[in-house]
Each structure stands twice: as C-alpha cells, then as structure tokens.
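Notes for the one structure printed next.
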Protein chains: 2
Amino acid sequence: MYFCIVKLEQAIQSNKFKNEMHKASLNILYTAWWLKTQMSKVLKEFGLTHEQYNVMRILKGKYPEQMCVKDISCRMIEKSSNVPRIIDRLVLKKLVKRADSPTDKRETVITLTQAGIAVLAASTESVNQLMEQMVQIETQEAQELNRLLERMRGTEV
Amino acid sequence: MYFCIVKLEQAIQSNKFKNEMHKASLNILYTAWWLKTQMSKVLKEFGLTHEQYNVMRILKGKYPEQMCVKDISCRMIEKSSNVPRIIDRLVLKKLVKRADSPTDKRETVITLTQAGIAVLAASTESVNQLMEQMVQIETQEAQELNRLLERMRGTEV
DNA sequence: ATTAAATACATGTATATACACTTAAATAAT
DNA sequence: ATTATTTAAGTGTATATACATGTATTTAAT
C-alpha cells in the first residue's frame, strides 16, 4: 500500500511552467501515462497490452457482428495505432479470428473468439476493480473534467 | 483551417461509457494523444520527436550545468522512457554532448550543445505559438483542470 | 580489507507508434 | 467499357515504450 505522486511538480521534478495552460498540458500527458501504466500492470496478468485490450473492447462493442480493420482503426483512442499488426498478435493468441470479407475483397473482417470473450470479460473486471479503487473522484467532478478537456480541444486550428 | 473533433463520442465513435469516470479516463488518454500529435507535427520540422524535445527541455532547465542520465529520467513525463537511447539520437544529431562523469565513473553527464540550444529555442517558439492558437481555455479553467487531474491521481493504491 | 548490496548505465527483445509506400480492389469519370 | 481515382489493408523503417538482464562502480556491512 503506497500513495502515488499527486502533484505534477513532484512527478516531473519541476515547477517551471510558462502558465497554467502549459502546466495543464503536461498534467494531461503525465496523467495519461499514469493511467496507462496502472492499467498495463493489470492487463499483463492476462498477457495483454493496453492497445490489444483496446482493440478487443472495440470488437466487443459490435459483437457478434464482425468488424473490418478500418472500422476498428477509427474507434481507437490513439488513431495512429497500426491496427493490422495489433490484430496479428491477437490472432496468434487465438483471441480473435480474421477472415476475408464476403462483400469487399479488400477488407478482412475480425471477430472475437470464445477465448477472446472470456479473456476480455476477466480482464475487464480486473481493470474496473483497479479503476474503482484507484480513481475516486465524484461523478460531478468527472463531468467537469470531461467538459474542460473537450473545451480544451474545441478550438479552431 | 479546420475544426478538430471536440466531443469524445465523435472521436472514438462510441457513447458506451460505464460512467462519467470511465469517460474521463478515455478523454484524458485521447486528449494526451491529441496534444502529442499536434506537437509532433511542429517538432518534425526541426527533426525532433516529442521525447527528444522533452529531454532537451529538461537539459535546458539546468543549463549550463550538466545532468546525468538518472536525473533526466526522473524528470521525464513518461517515466519508462529509455533515456540512454533518446540521448544516443541527440548525440548523433550533435544537439547534446555526452561525457564521463568526473565524480562517478558509472555516470555519464549530458549537456546541450550550442546547436542544441538554437534548435531548442526555435522549436520552443513554434510549439508555444501552436499551443496559444490551439488551446484557448481561460487561466481559471486551466487551474480547475490541474486541480481535478491531481485529485484524480491522489488516491491511495 | 574484503565481501555483499545497491546504483548508474547500457543492451536486448517484444510490442507499439508514426509515417511512407505498395498492392489489390472498388468506385467514379470519361 | 476503359481508365483514373480512391480506398482498404498490409509492409517496411525509424523511433519509442516496457521491461528484463548485464556490467562496472560505488556504498554499506562485516
């Protein structure tokens, strides 16, 4: 049982921020890293990486429908992920299966296997448990966080 | 000139969130990816990756003092970054120089070169410019965002 | 003083990211 | 109908991440 580093200043050993906005950017990057690291620890017990888990969750969202690679890609959190190769590894572990599309010969269609569904269910339970004990902010605070993040991204570029 | 995707639901083509907390986690991960992607576009013009830039900024914080690899590592946003190899690439580009430590033979000490300082200054200006036009939230909102992120991480595990 | 433990860094491997390029197939244009 | 364009997926390369291991050196313990 330990306390994680709360303050960004401690985490990156710096307090030289240009302004609150700059600090917020670094805070978001650090928090994302922290979230991924915590989750990866749990997923590792199931032999999964964060990205493999993400692909499986996306497939679950449409199950038992099949999904083509493009449809998975556009739902990924990190858009530049190389989905074909993530699928390669899931196929090797027999957690998903890949087949040629009947309607479009360019496409391949992917589905979870029964093993995949089982592993996903078990790992999701562990991840949810972790999240509940790790992150204890109120619903209202989470809402405000969502509002601010979307406001942050919502600017003309 | 285009508008970026504001809503998480659009960005990842899903509205199936367990709760606001779950949505906030995904929102943080997506926003971090978005920030890194935008910044990387700018840094690419200077031949830098996001991580190489981070190492150079850390070195700048102590300049003209030299820093050992460990001191750089513990200041990285992503703690699991492999700093020796990031430095390898910066050395090849002659943006930093590496020398044996006079006090501890296990250590190597790193400093920015004059070229490194110039490239860092120019790229930082571009990054700041991008940030200013990209992210237009109020100081007060940024403060609230910082508070919420640190509250989110500030839980016993 | 010698040995044991800890530390700093480097190296190795698997996976992921970022992005350019290739190939085959589908769609649009003529 | 033929050609051109676009699209879907896969491949290749450089870099980064995550983590285990190796090696030299320093510090602590005896």
### Message
What's the closest nucleotide to the side chain of Glu107(B) if the choices are dT15(C), dA8(C), dA16(D)?
### Response
dA8(C)
#### Entry: Glu78(A) side chain, from C-beta outward: closest of dT17(C), dT15(C), dT17(D)
dT17(C)
#### Entry: Sidechain N-carboxylate O distance under 4.0 Å for Glu78(B), Lys36(A)
no
### Query
Quick one: does Glu150(A)'s side chain have a donor or acceptor within less than 3.5 Å of a partner on Leu8(B)'s backbone?
yes
### Message
With a cut-off of less than 4.0 Å, is there a side-chain N or O of Ser81(A) near OP1 or OP2 of dT17(C)?
### Response
yes
### Message
By nearest atom, which of the nucleotides dG10(D), dA16(D), dC9(C) is closest to the Glu51(B) side chain?
### Response
dA16(D)
### Query
Where the side chain of Thr49(B) is concerned, which of dT15(D), dT25(D), dG10(D) is the nearest nucleotide?
dT15(D)
### Query
Closest nucleotide of DNA chain D for Lys70(A) versus for Trp33(A): which of these residues is on the 5' side?
Lys70(A)
### Task
Using only side-chain N and O atoms of Lys44(B), determine if any of them is under 4.0 Å from OP1 or OP2 of dA20(C).
yes
### Task
Indicate, with a heavy-atom threshold strictly under 4.0 Å, whether Asp104(A) touches base, sugar-phosphate, or nothing.
sugar-phosphate
### Query
Are there more than 12 heavy atoms of other residues, nucleotides or ligands under 6.0 Å from atom NZ of Lys62(A)?
no
### Query
Which listed nucleotide (dT7(C), dA20(D), dG12(C)) is nearest to the side chain of Arg106(B)?
dT7(C)
### Query
For the side chain of Arg89(B), counting heavy atoms from C-beta on, which of dT15(D), dT15(C), dT25(D) is nearest?
dT15(D)
### Query
Within less than 4.0 Å of OP1 or OP2 of dG10(D), is there a side-chain N or O belonging to Thr108(A)?
yes
### Task
Establish, with yes or no, whether the OP1 or OP2 oxygen of dA10(C) is under 4.0 angstrom from a side-chain nitrogen or oxygen of Arg98(B).
yes
### Query
With nearest nucleotides of DNA chain D determined for Arg85(A) and Ser40(A) from heavy-atom distances, which residue corresponds to the more 5′ nucleotide?
Arg85(A)
### Query
Quick one: Leu48(B) CG to dT17(C) P, roughly how many Å, whole number?
21 Å
